[in-house]
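Whatever order the structure lists them in is the order used to number ligands and atoms, beginning at 1. Side-chain atoms are counted along with the backbone in the values below, which use heavy atoms only and exclude waters and symmetry mates. Bear in mind the structure is a predicted one, so any value in this text is a computation, not a measurement.
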Amino acid sequence: MPLVARIWIKNPQAVFTATNGPAPAGGIVVADGVIVELLEAGGSPASPVDEVFDASNHVVLPGLINTHHHFYQTLTRAWAPAANAKLFPWLQHLYPVWARLTPERLDLAVTVALAELLLSGCTTAADHHYVFPDGLDDAIDIEVEAVRRLGMRATLTRGSMTLGEKDGGLPPQSVVQDADTILADSERLIGRYHSTAADADVQLALAPCSPFSVTREIMSDSAELAAKHGVKLHTHLAETLDEEDFCRERFGLRTVDYLESVGWLGPQSWLGHGIHFDDDEIARLGAAGTGVAHCPTSNMRLASGIARAVELEDAGAPVGLGVDGSASNDASNMILEARQALYLQRLRYGADLPVDRALGWATLGSARVLGREAQIGSIELGKQADLAMFTLDELRFSGSHDPIAALLLCGADRADRVMVGGAWRVVDGEIPGLDLGELISRHSAAAKRMLVG
Ligand code: ZN
């Protein structure tokens with residue numbers, strides 16, 4: 001779909017702006033990929049437009065933003081040996097299978113994950129890729145190409161694992177790399193792909209995998225390299241109590257103390273999961289401005305615990321949502337993840353937790369986590385025209401009253417229209433130019449091959 005220079009998304013049924021501002025009942029005017037006018041009811045654009053899109057049957061949201069994923073895991077969804085296990089044994093089953101990733105398999109896995117996200121209303125996705133078996137040196141390059149093919153935005157993290165079984169870590173030696181290789185590749189990728197432009201399609205971040213799979217040295221070296229290049233840092237932290245035990249035994253520290261000891265406690269970092277924090281740690285993370293990617297479905301599937309998302313955000317920590325990797329969700333559906341976040345957080349905080357708060361995590365909260373709140377995450381003048389639009393004409397919505405609440409309460413799972421930077425990337429619930437049937441068939445065949453070598 002070519003970029004339309006100037007488009008009026010006219011008279012939307014409802015708009016969630018993710019701000020305190022009034023909903024633009026007259027619509028949104030987009031020019032050259034940016035939101036340039038928000039119209040009151042009855043208003044019309046200040047100058048002529050090239051296209052008018054009648055949105056009277058569409059609920060319009062800022063494009064959803066996913067802050068934690070492992071795209072490659074779409075090849076190991078619902079795999080029996082890992083279907084009913086908690087985190088550590090789940091990982092030990094999966095590491096040897098993931099070691100069989102090839103460039104072709106990764107490309108299919110990434111394309112599936114991105115397509116699924118896009119169809120669910122997601123316009124920006126973070127990925128945490130930390131498996132680099134022999135022959136897959138270009139894993140992040142492959143991801144960049146897929147992101148560009150689909151016309152989305154992404155924060156791609158160069159992940160790493162350095163602490164193998166022989167040194168007391170969890171992963172087998174076959175999937176760990178040495179620090180020099182990791183740091184050199186990180187620097188190469190930042191130089192080649194990281195953009196700080198307002199309309200950046202690709203940003204890079206550095207992401208040692210987790211306390212139990214990396215050394216302290218790669219944590220501090222990554223922090224130094226990230227500071228040098230002005231990129232963000234990402235890791236898994238405080239996902240399970242097993243991990244907390246590991247940190248105490250190996251480092252003599254709780255997880256947040258460990259994070260601080262390696263130079264990560266600050267606004268440059270965001271953490272996958274962030275479940276097992278005490279009151280003092282929540283205050284410290286909030287004061288530091290360290291972000292948390294709340295992953296409700298994964299946390300329920302692996303019974304890891306319930307993150308204290310409301311308290312973290314109230315303390316000052318950016319909080320966003322992540323679908324997490326597809327071996328622990330196993331869907332990559334952002335609008336459904338917002339529903340899961342609403343319900344899991346209500347279990348902790350009560351039924352008066354507003355629907356808007358969960359939608360806020362999926363949009364502006366996630367933008368803050370990725371450090372992109374100045375450009376994306378809300379419907380405001382001057383922001384990128386990243387929009388997710390849903391219709392309420394399916395059986396599941398029949399009889400619903402509040403259109404925005406209906407998205408989560410009735411279980412919306414597929415966007416009708418998605419725009420990224422002013423370009424339509426989903427039209428009538430489909431991705432133009434992508435043959436989903438063919439993709440599913442090739443991806444499923446690749447997933448079968450992953451199990452045998
Ligand atoms: Zn994860």
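By the side chain to side chain contact (heavy atoms under 4.5 Å, CB included) test, Ala184 pairs with no residue at all, sequence neighbours left out.
Distance alone, capped at 3.5 Å, is enough to place a donor-acceptor pair between the Thr162 side chain and the Thr215 backbone.
Excluding waters, the set of protein N, O or S atoms lying under 2.8 Å from the Zn ion (ligand 1) comprises His68 NE2, His70 NE2, His236 NE2, Asp324 OD1.
Applying the ring pair (Phe, Tyr, Trp, His ring centres under 6.0 Å) definition to pairs two or more places apart or across chains, those involving residues 205-225 are Phe88-Phe212.
Judged by a 6.0 Å distance limit and a 45° cone about the ring axis, Arg254 is not positioned over the six-membered ring of Phe277.
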Under 3.5 Å, which donor-acceptor pairs do the side chains of residues 366-375 form with other protein atoms, sequence neighbours left out?
from: Ser366; atom 1: OG; to: Ile65; atom 2: O; distance (Å): 2.9
from: Ser366; atom 1: OG; to: Leu321; atom 2: N; distance (Å): 3.0
from: Ser366; atom 1: OG; to: Trp361; atom 2: O; distance (Å): 2.9
from: Arg372; atom 1: NE; to: Gln375; atom 2: OE1; distance (Å): 2.9
from: Arg372; atom 1: NH1; to: Ala200; atom 2: O; distance (Å): 3.1
from: Arg372; atom 1: NH2; to: Ala198; atom 2: O; distance (Å): 3.2
from: Arg372; atom 1: NH2; to: Ala200; atom 2: O; distance (Å): 3.3
from: Arg372; atom 1: NH2; to: Gln375; atom 2: OE1; distance (Å): 3.4

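Using a 4.5 Å cut-off on side-chain heavy atoms (C-beta onward), Met389 and Leu61 make no contact.
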